[in-house]
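Here is the structure we will look at, set down as structure tokens.
Here is how names work: the chains are called A, B, and so on, in the same order as the sequence lines, proteins then strands, and each is numbered from 1.
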Protein chains: 2
Amino acid sequence: MTIPDSPLPDYETLLRASGVRITRPRRTILKILGEHGDHPDALEIFRRASAIDPSISLSTVYRTMRLLEEKGAIHRHAFGGGPSRFEQADSGHHDHLIDMDTGAVVEFRSEAIEALQDEIARELGYEIVFHRLELYARQRREG
Amino acid sequence: MTIPDSPLPDYETLLRASGVRITRPRRTILKILGEHGDHPDALEIFRRASAIDPSISLSTVYRTMRLLEEKGAIHRHAFGGGPSRFEQADSGHHDHLIDMDTGAVVEFRSEAIEALQDEIARELGYEIVFHRLELYARQRREG
DNA sequence: GTCATTGCAAATCGTTTGCAGGGAC
DNA sequence: GTCCCTGCAAACGATTTGCAATGAC
């Protein structure tokens, strides 16, 4: 009995199935998105991609991020009004706590908050399509 | 016994007290921010200001918004990654539901959600400085 | 009178796009 | 072979900035 190497969705196959050509730059970017647990912006992805394939261009990174977003493979964030930062969509829905001192991003999920949001929207006569919850916070000083 | 004309904070006096000169453009912008219950962006504020004082410049609008934000007189939002939209800070904290079809913004506040957020942050070892909760929603079709 | 503030134009930042060549299928 | 994708450079929208003139105090 063999244990599958990776439980992650195979985006390459998924994308190909939806008519997207898997090119070298796209494969490189997908690899980068799969490897890191952080939330890089386009420039950072470009830097990491350049290390693997120096011929890649920043426009292709932007184009690919847009494509992947449309295909639902990634999510786009704009923490603190800064440049867009991306993360693979496969990890299920969660919200973000942003460490204001380090810029680190902590993911969390609260069923209670999710439920309350739905309730609030319903009371206002709306149905939530998606939401964005960001906690900007500082590490607690024990003392 | 007289009822005060306006319960709103007098930003002009407040700003003056913190060393800010009250110029014509600034007075105009403050007036606009006080009048409307919506969330205009810089260009819209510029348009409204131009109607009052045609000599005002867009740069001054941007500079003033930055100043007012630093002084805590306004809050800045970036709904859906679009241009910054502003609102006077005096109305107390609330969150936003954005109507995805009309762009309308509905304000709401949930003590329960606020409390849960604090709890989550505390469990993660953080203390919230501020947060951002945006519900992107569509009006419920009854049927 | 002093110095912050302004309008203007040019610069900047993140991002998108037109184009001609190149590569996936 | 077809047509999508690419890199490049130029265009873009939102916002910021350098500068000399102006206006608040």
Side-chain angles (χ1 to χ4, degrees), chain A residues 11-32 39-71 73-86 103, chain B residues 11-32 39-71 73-86 103:
Chain A
Y11 284 121
E12 221 172 285
T13 306
L14 244 49
L15 288 168
R16 209 187 296 264
S18 85
V20 171
R21 290 187 183 171
I22 301 305
T23 63
R24 195 136 96 90
R26 284 178 181 165
R27 201 183 319 257
T28 303
I29 291 170
L30 282 173
K31 185 164 183 287
I32 289 165
H39 301 69
D41 61 17
L43 198 55
E44 176 59 24
I45 293 169
F46 172 65
R47 281 195 209 98
R48 295 179 190 173
S50 297
I52 301 174
D53 169 13
S55 77
I56 205 167
S57 84
L58 183 53
S59 350
T60 294
V61 172
Y62 276 112
R63 274 191 280 235
T64 302
M65 300 326 282
R66 178 160 295 275
L67 175 75
L68 295 179
E69 189 187 13
E70 277 163 11
K71 297 295 180 185
I74 59 171
H75 292 309
R76 177 191 298 262
H77 303 287
F79 303 133
S84 292
R85 295 171 63 176
F86 307 91
Chain B
Y11 284 120
E12 219 172 287
T13 306
L14 243 49
L15 288 168
R16 209 187 296 265
S18 85
V20 172
R21 290 185 185 173
I22 301 304
T23 63
R24 195 136 95 90
R26 283 178 182 167
R27 203 184 315 260
T28 304
I29 291 170
L30 283 173
K31 185 165 183 287
I32 287 166
H39 302 69
D41 62 17
L43 198 56
E44 175 59 24
I45 292 170
F46 172 65
R47 282 195 209 97
R48 294 179 190 173
S50 297
I52 301 174
D53 169 13
S55 76
I56 205 168
S57 84
L58 184 53
S59 349
T60 294
V61 172
Y62 277 112
R63 275 192 279 236
T64 303
M65 301 326 284
R66 178 161 295 276
L67 176 76
L68 295 179
E69 188 186 14
E70 277 163 11
K71 296 294 180 184
I74 60 172
H75 292 309
R76 177 191 299 260
H77 303 287
F79 303 132
S84 291
R85 295 171 62 176
F86 307 92

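- Residues B/V61 and B/I29 approach most closely at CA-CD1, 3.9 Å, considering heavy atoms.
- In this structure, the CZ atom of A/R16 is 11 Å from the P atom of C/dA24, given to the nearest Å.
- The OH atom of B/Y62 sits 19 Å away from the P atom of C/dA11 (whole-angstrom rounding).
- Residue-level contact check: A/I56 touches the backbone only, with heavy atoms under 4.0 Å from sugar-phosphate atoms and none from bases.
- One can place CZ of B/R85 at 15 Å from C1' of D/dA14, the figure rounded to the nearest angstrom.
- Between the CG atom of A/L58 and the P atom of C/dT15 there is a distance of 9 Å, rounded to whole Å.
- Between B/S59 and C/dA9, a side-chain N or O to OP1/OP2 separation shorter than 4.0 Å is absent.
- Atom CZ in A/F46 sits about 14 Å away from atom P in C/dT15, given to the nearest Å.
- Listed nucleotides: C/dG7, D/dG7, D/dC5. Nearest to the side chain of B/S55: C/dG7.
- The side chain of B/R21 has C/dA4 as its nearest neighbour among D/dC4, C/dA4, D/dT6.
- Residue order along DNA chain D, read from the 5' end via each residue's closest nucleotide, puts A/G19 first among A/G19 and B/P83.
- Note: NE2 (A/H77) to P (C/dT15) measures 14 Å, nearest angstrom.
- The separation between B/D53 atom CG and C/dT5 atom P is 17 Å, rounded to whole Å.
- A sub-4.0 Å separation between OP1 or OP2 of D/dT6 and a side-chain N or O of A/T23 is present.
- D/dT15 atom P lies 11 Å from atom CE of B/M65, rounded to whole Å.
- In this structure, B/R47 places its CZ atom where more than 12 heavy-atom neighbours from other residues, nucleotides or ligands lie under 6.0 Å away.
- Nearest-nucleotide assignment on DNA chain D puts the 5′-proximal partner with A/S57, out of A/S57 and B/G82.
- Residues A/P40 and A/R48 are in side-chain contact: their nearest non-hydrogen atoms beyond the backbone lie under 4.5 Å apart.
- Looking only at side-chain heavy atoms (C-beta outward), B/R26 and B/L15 stay at 4.5 Å or farther from each other.
- The local environment of CZ in A/R24 is sparse, with at most 12 non-hydrogen atoms from other residues, nucleotides or ligands closer than 6.0 Å.
- Using a 4.0 Å cut-off, no side-chain N or O of A/R26 falls inside it from OP1 or OP2 of D/dC4.
- Judged by atom type and distance alone, B/R63 reaches the base of C/dG7 through a side-chain donor-acceptor pair under 3.5 Å.
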